[in-house]
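Here the structure is laid out as structure tokens; the discussion comes afterwards.
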Amino acid sequence: MRTIRLDLCYDGTRYRGWQRLNGEANTIQGKLEQTLSRILEEPIEVSGSGRTDAGVHAQGQVASFHCENTMPAAEILAQLRRYLPEDIGIYSCNEAPPRFHARLNAKRKTYCYRIWNSEAPCVFQRRYVAVFPEKLDLNAMAKAGEQLVGKHDFAAFCTRANKKKSTQREIFQLSIERVGEEIRILVTADGFLYNMMRIIAGTLIEAGRGERTPESIPELFCASRQEAGFLAPAQGLCLMEVEY
């Protein structure tokens with residue numbers, strides 16, 4: 001049995017997210033499994049480093065799978081590039097150690113949330129940014145972001161909390177910068193809860209609007225979901241990197 005690692009990217013606009021769904025073929029995982037099963041002529045189950053939501057993009061996703069077929073990794077790569085749709089791209093396909101698992105072995109993940117902060121039209125990047133044209137206080141957003149760094153209970157930043165699993169996560173780095181008309185929120189953590197990054201973005205946008213103070217952020221670590229910010233739109237989010 002071989003273990004294969006894929007490094008890939010995708011435009012999530014037209015997909016129902018990463019995770020395979022019963023009766024729904026239009027997911028990233030579903031497309032990969034369907035294509036690999038046909039190429040390798042055996043049932044393939046793919047594990048991703050994380051389950052991105054419907055409409056969320058990835059620049060640096062990692063996946064792994066097991067197979068019996070002896071087809072060289074270079075040929076698998078060539079076949080994937082031939083048969084996958086153009087909005088799913090494979091950077092590399094390599095043999096991995098037998099126990100490698102894209103999700104279980106991941107140590108850090110970095111996401112970027114892009115906000116188009118201008119009244120000017122955003123025609124060509126509209127699939128990859130969330131539009132908030134009102135004035136946002138970047139300094140207040142940065143100060144609020146500083147409060148999120150560290151190891152905390154992020155249950156309030158999750159829309160589907162599992163009571164049997166820990167909601168503690170550690171954010172190693174959070175930065176906010178303006179690039180032209182965009183505000184970019186970059187977060188590196190040991191893992192992310194369901195919708196966590198989009199709720200962080202919504203919370204920081206509220207701080208930028210003056211709807212909450214940076215000093216109030218720590219109160220959210222022992223609060224309910226209703227106390228944290230709104231769920232920011234999916235298209236502004238992109239998985240940038242996974243570290244092992």
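Atom set for the values below is all heavy atoms of this structure, side chains included, hydrogens, waters and symmetry mates excluded.
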- Message: Using ring centroids (six-membered ring only for Trp), state whether Tyr111 and Phe192 fall under 6.0 Å.
- Response: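 When the ring centroids of Phe192 and Tyr111 are compared, they turn out to be within the sub-6.0 Å range.
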Student check: side-chain heavy atoms of [X] and [Y] closer than 4.5 Å:
X	Y	value
Thr52	Tyr15	no
Arg209	Phe132	yes
Phe172	Arg108	yes
Arg225	Thr159	yes
Val46	Leu36	yes
Thr35	Ile88	no

- Task: Would you please name every residue forming a side chain to side chain donor-acceptor pair (under 3.5 Å) with Arg184, sequence neighbours left out?
- Result: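 Testing Arg184 for side chain to side chain donor-acceptor pair (under 3.5 Å), a comparison that skips the adjacent residues, returns Glu182.
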- Item | Flag if over 12 foreign heavy atoms under 6.0 Å of CZ, Arg127 |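 Counting neighbours around CZ of Arg127, 12 or fewer heavy atoms of other residues, nucleotides or ligands fall under 6.0 Å, so no.
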Do [X] and [Y] sit in the same hydrophobic cluster, where Ile, Leu, Val, Met, Phe, Trp and Tyr count as joined when their side-chain heavy atoms come under 4.5 Å apart?
X	Y	result
Leu40	Leu77	yes
Tyr113	Tyr128	no
Leu84	Tyr91	no
Met197	Phe230	yes
Trp18	Leu237	no

Any sub-3.5 Å donor-acceptor pair from [X]'s side-chain atoms to [Y]'s backbone N or O?
X	Y	result
Asn117	Glu134	yes
Asp53	Gly17	no
Asn26	Arg14	yes
Ser64	His101	no
Arg5	Val62	no
Arg2	Cys67	no
Asp190	Glu170	yes
Thr3	Pro98	yes

- Query: Without hydrogens or angle criteria, can the side chains of Ser224 and Gln226 be said to hold a donor-acceptor pair below 3.5 Å?
  - Reply: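 The answer is yes; a qualifying pair exists.
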Mind listing the side-chain donor-acceptor pairs of residues 144-156 below 3.5 Å, one per line with the distance, residues two or more places apart or on another chain?
unit_1	atom_1	unit_2	atom_2	d
His152	NE2	Val149	O	3.0
Asp153	OD1	Ala155	N	3.0
Asp153	OD1	Thr167	OG1	2.6

Distance from [X] atom [atom1] to [Y] atom [atom2], nearest 0.5 Å?
X	Y	atom1	atom2	answer
Asn105	Ser49	CG	OG	11.0 Å
Thr110	Glu243	OG1	CD	5.5 Å
Glu206	Ile217	CD	CD1	8.5 Å
Asn139	Met141	CG	CE	11.0 Å
Glu75	Thr70	CD	OG1	11.5 Å
Tyr194	Met196	OH	CE	15.0 Å

- Message: Assess whether a salt bridge exists between Asp137 and Lys135, defined as any Lys/Arg side-chain N lying under 4.0 Å from an Asp/Glu carboxylate O.
- Response: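 Result for this pair is no, no salt bridge flagged.
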- Query: Can you list every pair that meets salt bridge (charged side-chain N to carboxylate O under 4.0 Å, His left out) and has a residue in residues 29-51, with sequence neighbours left out?
  - Reply: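 Residue pairs passing salt bridge (charged side-chain N to carboxylate O under 4.0 Å, His left out), neighbours aside: Arg20-Glu33.
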